[in-house]
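Residue numbers begin at 1 in each chain, while the letters A, B, ... track the order of the sequences.
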Amino acid sequence: MTTFALVDCNSFYASVERIFRPDLKNKPVLVLSNNDACCVAKSRECRALGIKTGDPLFKIQHLVNAHKITVFSSNYTLYADISARVMHTLESFSPRVEIYSIDECFMHLDGCKDLEQYARKIRDTVLQYTGIPVSVGMAPTKTLAKLANHAAKKYPQTGGVVDLTNSSRQKRLCELVPVKDVWGVGRRIGKRLENMGIRTALQLAQMDLKVVRQKFSIVLERTVRELNEESCIELEETPATRRQVICSRSFGSKMTEQGPMREAIAEFTTRGAEKLRKEKLRACVISVFIRTSPHANRSQYSKTATGRLIQASSDSRDFLHLAGKLFEQIWKEGYHYAKAGIILTEICPENQMQLSLLEPPKDSAASDRLMQTIDKINQTTNGKVQFGSQREEQDWFMNRTHLSPSYTTRWEDLPVAK
DNA sequence: TCTGGGGTCCTAGGACCC
DNA sequence: TCTGGGGTCCTAGGACCC
């Protein structure tokens with residue numbers, strides 16, 4: 001039988017920050033979202049204080065002060081680099097892995113004789129090579145492996161490793177786990193299940209498949225099957241090409257004027273096109289959206305406009321032109337805007353383009369050369385070549401008050417050994 | 001005062017066609 | 001006056017994930 005392992009980094013962002021700040025060992029550490037708005041990661045010590053992922057900073061500020069919590073703005077460049085090192089280490093333990101997220105990796109451990117011992121070796125090696133503590137859960141399906149991992153984190157006496165290949169162990173754990181902690185059961189469905197009297201993972205596992213399908217969806221049916229050792233979610237070793245690119249931000253302060261908003265949209269559009277080029281993709285469709293804050297007591301407005309290019313492109317100018325027109329369609333004076341962004345869809349690899357029947361194919365060679373040149377210059381000079389509609393001064397840009405140095409990706413920030 | 005950003009998949013309902 | 005049934009495609013919104 002197939003065995004899935006899920007390796008998950010413990011408090012990943014907080015652990016990364018601690019690699020370079022050994023003085024923070026066993027001290028509470030918190031990492032904030034973009035804009036320093038809310039908590040996205042916290043060390044065990046913070047969890048013990050009752051801080052939850054998603055808590056806005058202003059609501060927990062008193063705890064931060066009272067317990068001298070060290071706070072970091074998120075430093076995604078640093079986290080991505082450390083993540084790559086962790087994943088690289090894991091790849092030496094199995095030929096079949098799926099990098100599931102920045103801090104999680106599913107692996108096949110078929111044919112392994114002593115699973116628990118092997119898992120401990122994985123743990124020790126990752127810690128030694130990267131400084132990041134991980135937990136390992138093993139089971140016949142991904143959903144059960146997630147559950148095993150959950151237990152490995154929750155119960156310290158497991159030493160961070162839980163082998164859930166045995167059915168009776170599965171049952172005993174499922175009895176203890178609240179239904180909302182099952183992978184695939186979120187807040188909404190968790191509530192609905194509880195209203196039906198389904199409170200534990202075991203009760204969910206014992207539900208009638210037909211009822212689940214009828215009252216919920218095929219997605220939850222798969223979850224139930226997976227809890228019963230029937231593997232429905234395969235390992236995805238080669239990542240599918242992405243379906244969309246989103247570039248959006250909440251603003252540091254509310255936006256009320258059209259000019260700065262137009263420039264913000266141009267900035268997102270440029271970033272989006274850059275992402276396409278970096279991954280050798282093109283897109284056909286762009287959506288532009290602006291919206292007020294759903295948390296504010298002022299009048300609300302939220303609008304999206306979508307437009308299509310005749311031919312898929314990754315040329316910033318094509319999208320800037322279209323995005324400008326779309327923006328004019330949705331802009332409405334008199335609101336306090338909190339967030340805006342663009343979404344690129346109908347994406348294809350740059351070498352597999354669908355040509356238009358009606359329009360002669362556009363020769364993109366010149367455009368490609370220009371964009372390549374711009375990207376190259378911007379890579380080495382930190383964004384010096386801009387388009388007319390972008391603006392140099394980005395006063396709406398993020399608050400990142402507590403940013404750590406880019407220890408591993410900027411020469412100036414290399415840590416110095418004393 | 002202050003509530004992230006980036007993704008995926010599924011479903012329901014409307015438009016339209018025969 | 002009467003106003004079907006079956007199908008496709010598209011979109012908005014819901015739900016989940018990290």
Inset, instruction - Give A/R192 one of three labels, base, sugar-phosphate or nothing, depending on what nucleic acid heavy atoms sit under 4.0 Å from its own. - result: nothing
Inset, instruction - Measure from the side-chain heavy atoms of A/S217 and tell me the nearest of C/dC16, C/dC18, B/dT11. - result: B/dT11
Legend entry - Partner set under ring pair (Phe, Tyr, Trp, His ring centres under 6.0 Å) for A/F20, not counting sequence neighbours: A/Y407
Legend entry - Value in whole Å for how far the C1' atom of C/dC16 lies from CD of A/E104: 14 Å
Inset, instruction - Report the residue (A/K275 or A/F216) whose heavy-atom-nearest nucleotide on DNA chain B is the more 5′ of the two. - result: A/K275
Inset, instruction - Provide, to the nearest angstrom, the distance between the NZ atom belonging to A/K303 and the C1' atom belonging to C/dG13. - result: 15 Å
Legend entry - Any A/K339 side-chain nitrogen or oxygen under 4.0 Å from OP1 or OP2 of B/dG5: yes
Inset, instruction - Specify the separation, in whole Å, of atom CZ of A/F289 and atom P of C/dA12. - result: 14 Å
Legend entry - First of A/Q244 and A/T53 reached from the 5' end of DNA chain B, by closest nucleotide: A/T53
Inset, instruction - Look at A/R282 together with A/D368 and state whether they make a salt bridge at an N to O cut-off of under 4.0 Å. - result: yes
Legend entry - Per A/F58 side chain, nearest of listed nucleotides B/dG4, B/dC2, B/dG6: B/dC2
Inset, instruction - Would you mind reading off the distance between A/K153 atom NZ and C/dC18 atom C1', rounded to a whole angstrom? - result: 12 Å
Legend entry - N-O pairing of A/K146 and A/E104 below 4.0 Å: yes
Inset, instruction - Assert yes or no for the condition that the ring centre distance of A/Y13 to A/F72 is strictly below 6.0 Å. - result: no
Legend entry - Nearest listed nucleotide, side chain of A/K254, among B/dC2, C/dC18, B/dG7: B/dC2
Legend entry - All stems with DNA chain B, defined as three or more consecutive Watson-Crick or G-U pairs under 3.5 Å: B:5-18 with C:5-18
Inset, instruction - Can you tell me the distance, in whole Å, between the NE2 atom of A/H402 and the P atom of B/dC2? - result: 17 Å
Inset, instruction - Can you figure out which of C/dC18, C/dC16, B/dT11 approaches the side chain of A/I218 most closely? - result: B/dT11
Inset, instruction - With the side chain of A/W183 defined as its heavy atoms from C-beta on, choose the nearest nucleotide among B/dT8, C/dC17, B/dG4. - result: C/dC17
Legend entry - Residue A/R243, side-chain heavy atoms: nucleotide from B/dG6, B/dC9, B/dC10 that is nearest: B/dC9
Inset, instruction - May I ask you to verify if any side-chain N or O of A/R249 is less than 4.0 angstrom from the OP1 or OP2 atom of B/dG6? - result: yes
Inset, instruction - Inspect the contact between A/R169 and A/E116 and indicate whether a charged nitrogen and a carboxylate oxygen are less than 4.0 angstrom apart. - result: no
Legend entry - Rounded distance in Å - CG (A/D103) to P (C/dC17): 14 Å
Inset, instruction - Classify the nucleic acid contact of A/I189 as base, sugar-phosphate or nothing, counting any heavy atom under 4.0 Å across all strands shown. - result: sugar-phosphate
Inset, instruction - Report yes or no: does A/R18 contribute a side-chain atom to a donor-acceptor pair with the main-chain N or O of A/L24 at less than 3.5 Å? - result: yes
Legend entry - Residue among A/T269, A/V245, A/T345 satisfying side-chain contact (heavy atoms from CB on, under 4.5 Å) with A/I286: A/T269
Legend entry - Ring centers of A/F106, A/W183 separated by less than 6.0 Å: yes
Inset, instruction - Looking only at side-chain atoms of A/R213, point me to the closest of B/dT11, B/dC10, B/dG5. - result: B/dT11
Legend entry - Polar contact flag, side-chain donor to acceptor under 3.5 angstrom, A/N10-A/S135: yes
Legend entry - Any A/K180 side-chain N or O less than 4.0 Å from OP1/OP2 of C/dC16: no
Legend entry - Gap between atoms OH and P, on A/Y79 and C/dC18 respectively (whole Å): 18 Å
Legend entry - Interatomic distance where CD1 belongs to A/I246 and P belongs to B/dT8 [whole Å]: 8 Å
Inset, instruction - Would you tell me if any nitrogen or oxygen in the side chain of A/R222 comes within less than 4.0 Å of OP1 or OP2 on B/dC10? - result: yes
Inset, instruction - Please determine, for the side chain of A/P56, which listed nucleotide (C/dC17, B/dT3, B/dC9) has the closest atom? - result: B/dT3
Legend entry - Touch class at under 4.0 angstrom, heavy-atom based, for A/V182 against every strand present: sugar-phosphate
Inset, instruction - Quote, to the nearest angstrom, the P distance that separates B/dC17 from C/dT3. - result: 23 Å
Inset, instruction - Among the candidates C/dC18, B/dG6, B/dG4, find the nucleotide nearest to the side-chain atoms of A/Y76. - result: B/dG4
Legend entry - Side chain of A/R242 (C-beta onward), nearest among B/dG6, C/dC16, C/dC17: B/dG6
